[in-house]
Amino acid sequence: MTPYRSGLWLAEYLNLRCQLCHVYPSALQPQARPQPSTSSLTSRVCDRFNKGLLCTYCHDSIAWCPAPFTVDISAGSSLSIQAATYYDYPIRQIIRAFKHAEDMAKLPLLVHVLRQLPRPTGCHGGNSVIVPMPTTDSRLVKRGFDPVTILSLYLSKHWQIPLWHGAWRIDDTVSQQGLTRAERLTNLDNAFVLTEPPPVKRLLLFDDVATTGASLQALARTLCESSSTVSSDTVLSGQNVTMDTQRYHLSAYALAHGSINK
């Protein structure tokens with residue numbers, strides 16, 4: 001993470017120009033202000049000299065936090081997905097440049113987008129974890145890095161909520177890009193497996209782009225199925241624990257979704 005952190009540090013504290021237009025001075029935006037920090041002298045100094053990442057004009061030109069949408073994950077249960085903005089220009093091009101070409105100049109812009117996500121109510125480092133969308137081993141080898149995990153680390157720092165990497169993606173699935181909604185759902189049948197039970201009940205799923213929400217839906221279903229399995233095993237063992245006490249509280253977040261023109 002050192003190269004990524006160094007680049008973001010330069011963008012926030014030394015480069016006084018907007019990371020998007022490169023013309024106007026950057027400025028701290030109300031929604032993007034860092035969480036108050038009193039943990040160390042270094043943190044307080046950083047907060048004092050933080051110049052922001054976008055200028056006011058560029059920040060205000062982007063439509064932030066569209067209404068959440070939901071996908072069904074089981075009978076009577078749905079998953080709410082909140083995106084930071086729409087998958088439109090210039091966000092679409094920025095995400096693609098970082099995701100497919102590891103263009104590190106785009107990372108500060110994506111971190112600014114992350115900071116627009118509303119902090120989940122009632123969630124903190126003691127009762128919640130962020131679950132990054134897993135990638136396959138073959139895709140990781142091909143790209144050489146995991147963009148979702150890198151972005152998740154910055155979201156974890158911003159919200160002060162730890163990551164949990166107990167979900168794996170099976171290698172025989174193909175990329176979701178270019179597939180229809182029906183193909184996306186079929187492609188993700190049994191695509192995820194848990195290597196361990198989640199340590200808490202509040203699980204915050206995160207992906208870079210939620211085109212249809214199919215990947216987040218499939219991951220949520222895997223978590224729900226694991227919850228049902230734990231409940232059944234607990235009841236069979238004679239312990240007085242009901243299904244409801246074992247059910248996870250799931251919500252999902254993404255950098256971008258859909259288009260403002262649709």
Side-chain angles (χ1 to χ4, degrees), residues 68-84 87 92 95-96 98-100 102 117 128-153 155-156 162-233 243 246-258:
F69 69 101
T70 60
V71 292
D72 295 330
I73 53 177
S74 62
S77 180
S78 61
L79 176 71
S80 174
I81 303 175
Q82 173 68 67
Y87 193 51
R92 179 175 61 250
I95 291 175
R96 287 177 176 175
F98 180 69
K99 185 174 182 177
H100 300 298
E102 199 177 4
L117 285 170
S128 309
V129 292
I130 297 171
V131 186
M133 178 60 61
T135 188
T136 64
D137 290 343
S138 59
R139 205 167 302 160
L140 182 59
V141 170
K142 181 179 179 180
R143 282 185 179 156
F145 79 120
D146 185 354
V148 173
T149 294
I150 290 168
L151 293 168
S152 299
L153 286 166
L155 184 62
S156 173
L163 300 183
W164 179 71
H165 293 284
W168 282 14
R169 190 163 186 161
I170 299 171
D171 242 331
D172 59 359
T173 58
V174 300
S175 173
Q176 293 286 86
Q177 190 171 357
L179 301 182
T180 65
R181 179 173 179 82
E183 290 170 337
R184 287 170 183 264
L185 293 173
T186 302
N187 180 51
L188 291 171
D189 287 344
N190 304 312
F192 300 99
V193 63
L194 301 188
T195 59
E196 60 183 356
V200 293
K201 291 184 179 180
R202 293 179 181 265
L203 308 178
L204 313 175
L205 282 56
F206 174 76
D207 202 0
D208 53 358
V209 179
T211 306
T212 63
S215 296
L216 290 166
Q217 180 184 43
L219 179 57
R221 282 177 173 168
T222 300
L223 290 163
C224 283
E225 289 169 1
S226 73
S227 173
S228 300
T229 301
V230 170
S231 297
S232 300
D233 291 345
M243 175 79 77
Q246 292 291 338
R247 199 179 292 271
Y248 298 121
H249 301 280
L250 304 176
S251 56
Y253 299 85
L255 286 176
H257 160 73

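Side chains are part of it too, since the values below use all heavy atoms of this structure and drop only hydrogens, waters and symmetry mates. None of these values were measured; they are calculated from a predicted model.
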Nearest non-hydrogen partners of Arg96 and Tyr87, listed with the distance | NE-OH, 3.3 Å
Heavy-atom closest pair (Pro134 atom, Ala167 atom, distance to 0.1 Å) is CG-O, 3.4 Å
Separation of Asp207 CG from Leu216 CG (nearest 0.5 Å) = 5.0 Å
Specify the closest pair of heavy atoms between Pro132 and Leu163, including all atoms of both residues, with the distance to one decimal.
-> CG-CD2, 4.3 Å
Closest non-hydrogen contact found for Ala220 with Leu79 is CB-CD2, 3.9 Å
Which pair of non-hydrogen atoms, one from Leu250 and one from Cys224, has the smallest distance, and what is that distance?
-> CD1-SG, 3.8 Å
Would you check if Val131 and Leu219 make a side-chain contact, meaning some heavy-atom pair closer than 4.5 Å?
-> yes
Find the distance between OG1 (Thr149) and CD1 (Ile130) and round it off to the nearest 0.5 Å.
-> 11.5 Å
Atom pair OH (Tyr253) and CG (Leu155), whose distance is rounded to the nearest 0.5 Å | 9.0 Å
Between the side chain of Ser152 and the main-chain N/O of Val148, is any donor-acceptor distance below 3.5 Å?
-> yes
Just by modelled atom types, is the Val193 backbone N or O under 3.5 Å from a matching donor or acceptor in the Thr222 side chain?
-> no
Hey, is the main chain of Asp72 close enough, under 3.5 Å, to the side chain of Gln217 for a donor-acceptor pair?
-> yes
Go through the steps for Ile150 and Phe98 under the test side-chain contact (heavy atoms from CB on, under 4.5 Å), then give the verdict.
-> CA-CA 11 Å; Ile150 290 168; Phe98 180 69; 4.2 Å; yes
Below 6.0 angstrom between ring centroids: does that apply to Phe69 and His257?
-> yes
Point-to-point distance, once rounded to the nearest 0.5 Å, from NZ of Lys201 to OG of Ser128 = 12.5 Å
Take Leu194 and Leu223 through the side-chain contact (heavy atoms from CB on, under 4.5 Å) test and state the conclusion after the steps.
-> CA-CA 8 Å; Leu194 301 188; Leu223 290 163; 3.8 Å; yes
What is the minimum heavy-atom distance between Ala254 and Ala210, and which atoms define it?
-> CB-CB, 3.9 Å
If you measure from NZ on Lys142 to CG on Asp137, what distance do you get to the nearest 0.5 Å?
-> 15.0 Å
Side chains of Leu151 and Phe206: closer than 4.5 Å at any heavy-atom pair?
-> yes
side-chain contact (heavy atoms from CB on, under 4.5 Å) assessment of Val129 paired with Leu204 = CA-CA 6 Å; Val129 292; Leu204 313 175; over 6 Å; no
One should read off an interatomic distance between Ile95 CD1 and Leu255 CG, to the nearest 0.5 angstrom, of 5.0 Å
Is the backbone of Phe192 close enough, under 3.5 Å, to the side chain of Arg169 for a donor and an acceptor to pair up by distance?
-> no
Could you check Leu203 against His249 for side-chain contact (heavy atoms from CB on, under 4.5 Å), going step by step and ending with a plain yes or no?
-> CA-CA 6 Å; Leu203 308 178; His249 301 280; over 6 Å; no
